[in-house]
J.: 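Encoded as structure tokens, here's the structure I'll be asking about.
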Amino acid sequence: MAKSFTTGDTRDSSMGYIHCCGALHKTRTFRLVPRADFVLCELDYLTKCPVCGHTVVQLTRVDANDNISIVRKVNKKAKLFYEKLKNFILYEIRAANYTTFNSGKFYLNYNEYGIKKRCYSNLRSLKIGLAENKDLKINP
């Protein structure tokens, strides 16, 4: 069964997937000009499946009654279908860039129960300098 998993309506927050060869593969997703009675049209384009090597194009359309129609083409027909719809592309939907800034390769050596450890990220959860003491009685 053909599936397309694109989420969100913004340009930067979604990534398309096409189900091919028993797995989901990331695709290039394009927003198209809605034609006829459709509210939303998206085109997912998988240039080459890593398993079978096929080119897959899938057009997903949603009408005013939330009915979804899917058109899926493979290989030569997919390339011709993509070329035919190229003129109707408004923009490409790209995934958000979540690069972290100001992060170095710093780590913190600490000692927990006599075992030397390294903390790479979460400094709040550290229990620095703990020593095991069986005779300590803590009264609430």
Side-chain angles (χ1 to χ4, degrees):
M1 180 175 177
K3 294 181 183 178
S4 175
F5 298 95
T6 53
T7 58
D9 255 350
T10 60
R11 294 182 184 195
D12 298 327
S13 67
S14 64
M15 171 63 71
Y17 292 93
I18 286 183
H19 188 261
C20 183
C21 299
L24 293 176
H25 302 290
K26 289 183 182 178
T27 62
R28 292 178 64 194
T29 303
F30 302 98
R31 186 67 49 94
L32 300 177
V33 176
R35 293 189 288 175
D37 296 330
F38 296 106
V39 177
L40 177 70
C41 294
E42 283 189 359
L43 180 74
D44 293 317
Y45 181 64
L46 179 64
T47 55
K48 183 179 178 183
C49 175
V51 179
C52 62
H54 291 163
T55 300
V56 182
V57 173
Q58 182 170 311
L59 176 65
T60 307
R61 300 177 295 188
V62 180
D63 65 0
N65 297 327
D66 291 334
N67 296 324
I68 299 173
S69 67
I70 295 173
V71 178
R72 181 182 171 110
K73 305 283 184 182
V74 180
N75 288 335
K76 185 178 179 182
K77 290 183 180 181
K79 292 175 185 172
L80 293 174
F81 189 62
Y82 176 71
E83 290 297 323
K84 181 180 171 184
L85 293 176
K86 212 175 199 180
N87 297 331
F88 300 105
I89 293 176
L90 292 174
Y91 56 88
E92 181 177 357
I93 301 173
R94 296 192 179 167
N97 188 6
Y98 292 110
T99 56
T100 57
F101 297 104
N102 300 331
S103 63
K105 296 182 180 179
F106 172 77
Y107 57 87
L108 179 66
N109 289 321
Y110 69 100
N111 188 353
E112 184 178 15
Y113 299 114
I115 300 170
K116 291 183 180 178
K117 295 185 177 181
R118 284 187 177 174
C119 176
Y120 293 96
S121 60
N122 193 359
L123 299 175
R124 289 184 180 182
S125 66
L126 282 179
K127 298 176 183 174
I128 297 175
L130 289 179
E132 202 171 14
N133 190 348
K134 295 177 184 175
D135 298 329
L136 182 65
K137 292 181 182 179
I138 300 175
N139 294 326

J.: Which value, rounded to the nearest 0.5 Å, describes the distance between L59 atom CG and I70 atom CD1?
T.: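 One finds 9.5 Å between CG of L59 and CD1 of I70.
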J.: Can you find a heavy atom in the side chain of V62 that is under 4.5 Å from one in the side chain of D66?
T.: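 Answer yes - side chains close enough.
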J.: Assigning hydrophobic clusters by single linkage (Ile, Leu, Val, Met, Phe, Trp, Tyr; side-chain heavy-atom cutoff under 4.5 Å), is I68 placed with L40?
T.: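 Cluster IDs for I68 and L40 match.
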J.: Do T29 and D44 have a side chain donor and acceptor closer than 3.5 Å?
T.: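 Yes, D44 and T29 have a side-chain donor paired with an acceptor closer than 3.5 Å.
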J.: Got a sec, which pairs hit salt bridge (charged side-chain N to carboxylate O under 4.0 Å, His left out) with one end in residues 17-30, sequence neighbours left out?
T.: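 Applying salt bridge (charged side-chain N to carboxylate O under 4.0 Å, His left out) to every pair that reaches into residues 17-30, excluding sequence neighbours, yields R28-E92.
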J.: Which heavy atom in P34 sits nearest to a heavy atom in C41, and how many Å separate them?
T.: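 Scanning both residues completely, I find the closest heavy atoms to be CA-SG, 3.8 Å.
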J.: Atom NE2 in H19, atom CZ in R72: separation rounded to 0.5 Å?
T.: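 Going from the NE2 atom of H19 to the CZ atom of R72 covers 8.5 Å.
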J.: To the nearest 0.5 angstrom, please state how far the NZ atom of K84 sits from the NZ atom of K73.
T.: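 One gets 8.0 Å once the value is rounded to the nearest 0.5 Å.
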J.: In chain order, what residues pass the salt bridge (Lys or Arg N to Asp or Glu O under 4.0 Å) check against K48, with sequence neighbours excluded?
T.: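 For K48, no residue satisfies salt bridge (Lys or Arg N to Asp or Glu O under 4.0 Å) once neighbours in sequence are set aside.
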J.: Search all heavy atoms of A78 against all heavy atoms of T55 and return the closest pair with its distance.
T.: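 Closest heavy-atom pair between A78 and T55: CB-O, 3.6 Å.
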J.: For the residue pair L46 and Q58, establish whether any side-chain heavy-atom pair is separated by less than 4.5 Å.
T.: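 With C-beta onward as the side chain, the pair stays apart.
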J.: A side-chain contact here means heavy atoms from C-beta on lying under 4.5 Å apart; do I18 and L24 qualify?
T.: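 Of all side-chain heavy-atom pairs linking L24 with I18, none is under 4.5 Å.
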J.: What is the minimum heavy-atom distance between E42 and I93, and which atoms define it?
T.: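 Answer, listing the atom of E42 first, then I93: OE2-CD1, 3.6 Å.
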J.: Do V56 and Y45 have side-chain heavy atoms sitting under 4.5 Å apart?
T.: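 Answer no - side chains too far apart.
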J.: Hey, quick one: are F88 and F38 part of the same hydrophobic cluster, counting side-chain heavy atoms closer than 4.5 Å, chains of contacts allowed?
T.: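 No, no single cluster joins them.
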J.: Drop me the distance from L90's CG to R31's CZ, to the nearest 0.5 angstrom.
T.: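 Rounded to the nearest 0.5 Å, the CG-CZ separation comes to 8.5 Å.
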J.: Does the H25 side chain pair with the main chain of Y17, one donor and one acceptor, at a distance under 3.5 Å?
T.: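 No, the answer is negative, given that no donor and acceptor are paired below the 3.5 Å cut-off.
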J.: Is D37 atom CG crowded by more than 12 heavy atoms from other residues, nucleotides or ligands, each under 6.0 Å away?
T.: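 No, because the 6.0 Å sphere around CG of D37 holds 12 heavy atoms or fewer from other groups.
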J.: With a 4.5 Å cut-off on side-chain heavy-atom distances among I, L, V, M, F, W and Y, is there a chain of contacts connecting L85 to Y82?
T.: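 Shared cluster, yes.
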J.: Compare all side-chain heavy atoms of D63 with those of V39 and state whether any distance is below 4.5 angstrom.
T.: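 The answer is no; the side chains never approach within 4.5 Å.
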J.: Sequence neighbours left out, what passes side-chain hydrogen bond (donor to acceptor under 3.5 Å, both in side chains) with S69? Give chain and number order.
T.: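 Once residues adjacent in sequence are excluded, the partners of S69 under the side-chain hydrogen bond (donor to acceptor under 3.5 Å, both in side chains) criterion are R61.
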J.: Taking N67's backbone N and O only, do any of them form a donor-acceptor pair with N65's side chain (distance below 3.5 Å, no angle check)?
T.: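 Side chain of N65 to backbone of N67: no pair is present.
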